[in-house]
Number of protein chains: 2
Amino acid sequence: MLKEERQKYILDQVHLHHRVLLNDLSESLNVSIDTVRRDVKELDSEKKLKKVHGGATSFGFMTFTKDDGNIYLKSKKISIAEKTVSLLTDGQVILMSGGTTNMEVAKLIPKKLVLTVFTPSLHVAMALLDHENVEVIFLGGKLLHDAKFAVGGTVVNALSQLRVDMCILGTGYLDAEFGLTEFDWEVIQVKQAMIRAAKKTVILTVSDKLHSVQKYKTCDMTAVHTLVTELDPSDPLLDSFRPFDLVLV
Amino acid sequence: MLKEERQKYILDQVHLHHRVLLNDLSESLNVSIDTVRRDVKELDSEKKLKKVHGGATSFGFMTFTKDDGNIYLKSKKISIAEKTVSLLTDGQVILMSGGTTNMEVAKLIPKKLVLTVFTPSLHVAMALLDHENVEVIFLGGKLLHDAKFAVGGTVVNALSQLRVDMCILGTGYLDAEFGLTEFDWEVIQVKQAMIRAAKKTVILTVSDKLHSVQKYKTCDMTAVHTLVTELDPSDPLLDSFRPFDLVLV
DNA sequence: AATATTTTTGCAAGTTTTTGCTGTTTTTGT
DNA sequence: ACAAAAACAGCAAAAACTTGCAAAAATATT
């Protein structure tokens with residue numbers, strides 16, 4: 001194996017998981033810990049990652065200050081993503097919407113897992129393509145400049161011809177009474193089509209977005225099969241959702 | 001076996017697998033390791049691949065962070081992109097394939113220019129979305145893991161319903177006799193559909209890729225309306241293309 | 001056609017790079 | 001402060017690289 005391959009693998013792992021242990025690298029690369037150490041040292045001096053005691057981190061993740069709202073939110077999203085990934089099984093065909101939470105899900109999918117994923121999100125598609133065993137099918141259409149998300153008749157039409165195992169929707173506002181709401185009309189159309197095309201609907205939401213209502217409605221709570229938050233399923237914040245026939249994770 | 005054949009084989013392997021070991025090459029080519037070493041050294045000095053300890057990699061092998069791609073090729077590509085952008089006019093509807101040259105085109109499009117662009121390339125789509133006045137429509141389909149490019153029936157089908165002003169094809173191998181060739185069969189299908197859907201076909205090629213032939217053929221030279229290279233249009237290297245009814249830029 | 005010249009190829013000796021191992025020093029968590 | 005884990009430094013074996021050289025092949029010359 002070439003040194004360059006090793007270093008690429010290390011950088012991929014760091015970018016994927018934000019942090020990585022030298023021991024794990026040594027094992028999965030089948031080289032001594034010293035070699036890994038030397039590689040990481042080199043990559044660090046090239047400013048491609050940050051070496052820390054026992055491992056390495058990507059530059060975005062090293063500052064773990066809980067005061068910083070963004071980082072805090074990100075770790076919530078990662079914990080949601082971890083729960084979501086555990087819902088996936090080999091051979092499934094799924095739909096994924098866009099948003100940062102779904103991005104984290106895409107990154108955290110195990111390398112071994114065999115999946116077929118349809119998505120209208122450029123970012124999610126890009127992240128999924130890192131996984132050799134995931135077949136990625138992009139739902140083409142007019143792209144929104146800000147969300148990098150395909151919308152319009154083409155997408156809805158393509159979705160109407162699908163019947164997949166599960167659809168994973170991120171970045172929505174959720175309320176027990178009003179259901180799932182958004183502020184972009186075109187996105188709504190696509191998400192509704194996604195829900196129709198899937199046997200099960202999984203909603204990912206950080207607790208901050210619970211009990212808020214936006215302009216347009218995607219669906220009622222009755223259409224939701226699984227609700228994933230960063231909270232413990234028994235958390236009182238989730239009480240208002242318990243009357244519905246859904247799984248809390 | 002001729003030296004040219006050997007070097008072509010080496011380049012093909014590098015393009016295909018992104019990395020290659022000198023030992024493997026020596027064995028599959030039935031020449032001594034020294035000969036392979038010299039070949040690779042030569043190709044490296046011509047900036048066609050990157051020699052590393054024990055083997056060679058393609059440029060952009062480590063491309064996840066910054067552009068590790070080679071600077072010589074890049075400046076050629078930028079000059080091609082500049083010429084290409086000057087062919088565009090307000091209100092046009094165009095098709096763009098993938099590849100790094102088309103990426104440069106996408107980046108160089110003036111902010112004021114109003115365009116509608118269809119593309120099956122994730123990277124090009126992403127770059128185009130930076131431009132407020134460009135409407136981007138992604139041609140959805142199964143994505144290739146390495147090229148981040150959509151292929152398959154869906155793409156070809158969508159293209160069959162279009163009639164656009166111009167299609168811009170990058171990253172091909174061009175030869176006066178054999179026309180435009182590639183090494184990926186699925187990509188060929190899409191590019192052929194793109195040519196059929198457009199009134200004019202514009203080919204972008206760095207001079208290194210002139211007069212080379214790959215396994216599969218996209219189209220004859222007769223299908224090409226404009227050929228853009230980094231060379232001066234009067235350069236003798238382009239002589240073999242003059243008999244055809246095309247514009248050299 | 002025969003000979004001279006240049007290029008290419010393979011080989012061998014010496015050098016550099018890489019890698020894993022040793023023991024020692026530094027850092028970390030309790 | 002102390003034990004455990006990690007980092008460091010030096011060393012030796014293996015792999016890869018360099019250089020010079022001579023045989024072989026290709027090309028040019030007479």
Side-chain angles (χ1 to χ4, degrees), chain A residues 1-67 71 75, chain B residues 1-59 61-62 64-65 68 70 72 208 211-213 236:
Chain A
M1 169 170 282
L2 293 169
K3 190 173 80 169
E4 279 68 22
E5 287 181 83
R6 256 188 352 245
Q7 299 195 352
K8 180 179 162 59
Y9 178 83
I10 293 172
L11 278 176
D12 282 347
Q13 289 298 308
V14 167
H15 286 143
L16 207 57
H17 298 116
H18 301 300
R19 71 187 173 91
V20 77
L21 303 178
L22 297 193
N23 274 319
D24 293 350
L25 288 174
S26 161
E27 179 157 359
S28 46
L29 286 166
N30 281 319
V31 290
S32 78
I33 189 101
D34 299 74
T35 304
V36 171
R37 205 187 301 285
R38 273 185 278 244
D39 279 336
V40 167
K41 197 173 182 179
E42 197 176 322
L43 291 169
D44 177 77
S45 69
E46 291 169 19
K47 306 280 181 233
K48 300 203 172 166
L49 51 71
K50 168 118 178 156
K51 189 165 89 68
V52 296
H53 199 86
T57 70
S58 71
F59 277 111
F61 203 69
M62 55 185 183
T63 45
F64 212 99
T65 48
K66 283 181 183 167
D67 302 1
I71 300 292
S75 70
Chain B
M1 168 168 287
L2 263 61
K3 192 171 87 168
E4 303 233 331
E5 288 180 81
R6 255 190 351 247
Q7 299 199 353
K8 187 166 184 52
Y9 177 83
I10 294 173
L11 275 179
D12 282 351
Q13 289 297 308
V14 169
H15 285 145
L16 209 56
H17 301 112
H18 300 298
R19 55 120 219 188
V20 80
L21 304 179
L22 295 192
N23 275 319
D24 292 352
L25 288 175
S26 160
E27 178 153 0
S28 47
L29 287 167
N30 281 320
V31 288
S32 77
I33 188 98
D34 300 74
T35 305
V36 172
R37 208 187 297 285
R38 271 186 279 246
D39 280 335
V40 167
K41 198 173 183 177
E42 197 177 321
L43 292 170
D44 177 78
S45 68
E46 292 169 19
K47 307 295 172 200
K48 304 217 171 151
L49 50 70
K50 189 165 169 189
K51 189 167 90 67
V52 299
H53 199 91
T57 71
S58 65
F59 285 104
F61 177 69
M62 297 275 265
F64 17 64
T65 40
D68 188 40
N70 78 17
Y72 302 89
D208 310 275
H211 314 107
S212 351
V213 181

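Computed from heavy atoms alone, side chains included, the values below leave out hydrogens, waters and symmetry copies. In the text below, chain A, chain B and the rest are named by the order of the sequence lines, each starting its count at 1.
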* To do: Could you tell me whether R19(B) and E5(A) have a side-chain N and a carboxylate O separated by less than 4.0 Å?
  =>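 So R19(B) pairs with E5(A) through a salt bridge.
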
Whole angstrom is fine here: how far is it from [atom1] in [X] over to [atom2] in [N]?
| X | N | atom1 | atom2 | value |
| --- | --- | --- | --- | --- |
| R37(B) | dA12(C) | CZ | C1' | 14 Å |
| Q7(A) | dT18(C) | CD | C1' | 12 Å |
| K51(B) | dT16(C) | NZ | C1' | 12 Å |
| L25(A) | dA6(D) | CG | P | 13 Å |
| K41(A) | dA6(D) | NZ | C1' | 13 Å |

* **Contact state string [nucleotides 19-25 of chain C, B base, S sugar-phosphate only, - no protein heavy atom under 4.0 Å]** => BBB----

Minimum-distance pair of heavy atoms, taken over all atoms of [X] and [Y]:
| X | Y | value |
| --- | --- | --- |
| Q13(A) | V20(A) | CB-CG2, 4.1 Å |
| Q7(A) | D39(A) | NE2-OD1, 3.0 Å |
| K48(A) | F59(A) | C-CE1, 3.9 Å |

* Asked: Given L49(B) and T57(B), is the side chain to side chain contact (heavy atoms under 4.5 Å, CB included) satisfied, shown in steps?
  -> CA-CA 6 Å; L49(B) 50 70; T57(B) 71; over 6 Å; no

* **Donor-acceptor contact below 3.5 Å, side chain K3(A) vs main chain V52(B)** =>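 Side chain of K3(A) to backbone of V52(B): no pair is present.
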
* To do: Please check if the side chain of S26(A) supplies one atom and the backbone of L22(A) the other of a donor-acceptor pair under 3.5 Å.
  =>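 No, the answer is negative, given that no donor and acceptor are paired below the 3.5 Å cut-off.
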
* To do: Give one of base, sugar-phosphate or nothing for V40(A), where a contact means two heavy atoms less than 4.0 Å apart.
  =>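 No contact.
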
* To do: May I have the step-by-step check of side chain to side chain contact (heavy atoms under 4.5 Å, CB included) for E46(A) and E42(A), ending in yes or no?
  => CA-CA 6 Å; E46(A) 291 169 19; E42(A) 197 176 322; 3.7 Å; yes

Using the 3.5 Å cut-off, write out each protein N or O paired with an N or O of nucleotides 26-30 of chain C and the distance between them.
none

* Are N23(B) and dA15(D) close enough that a side-chain N or O sits under 4.0 Å from OP1 or OP2? ->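 So the side chain of N23(B) is outside the cut-off, no N or O lying under 4.0 Å from OP1 or OP2 of dA15(D).
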
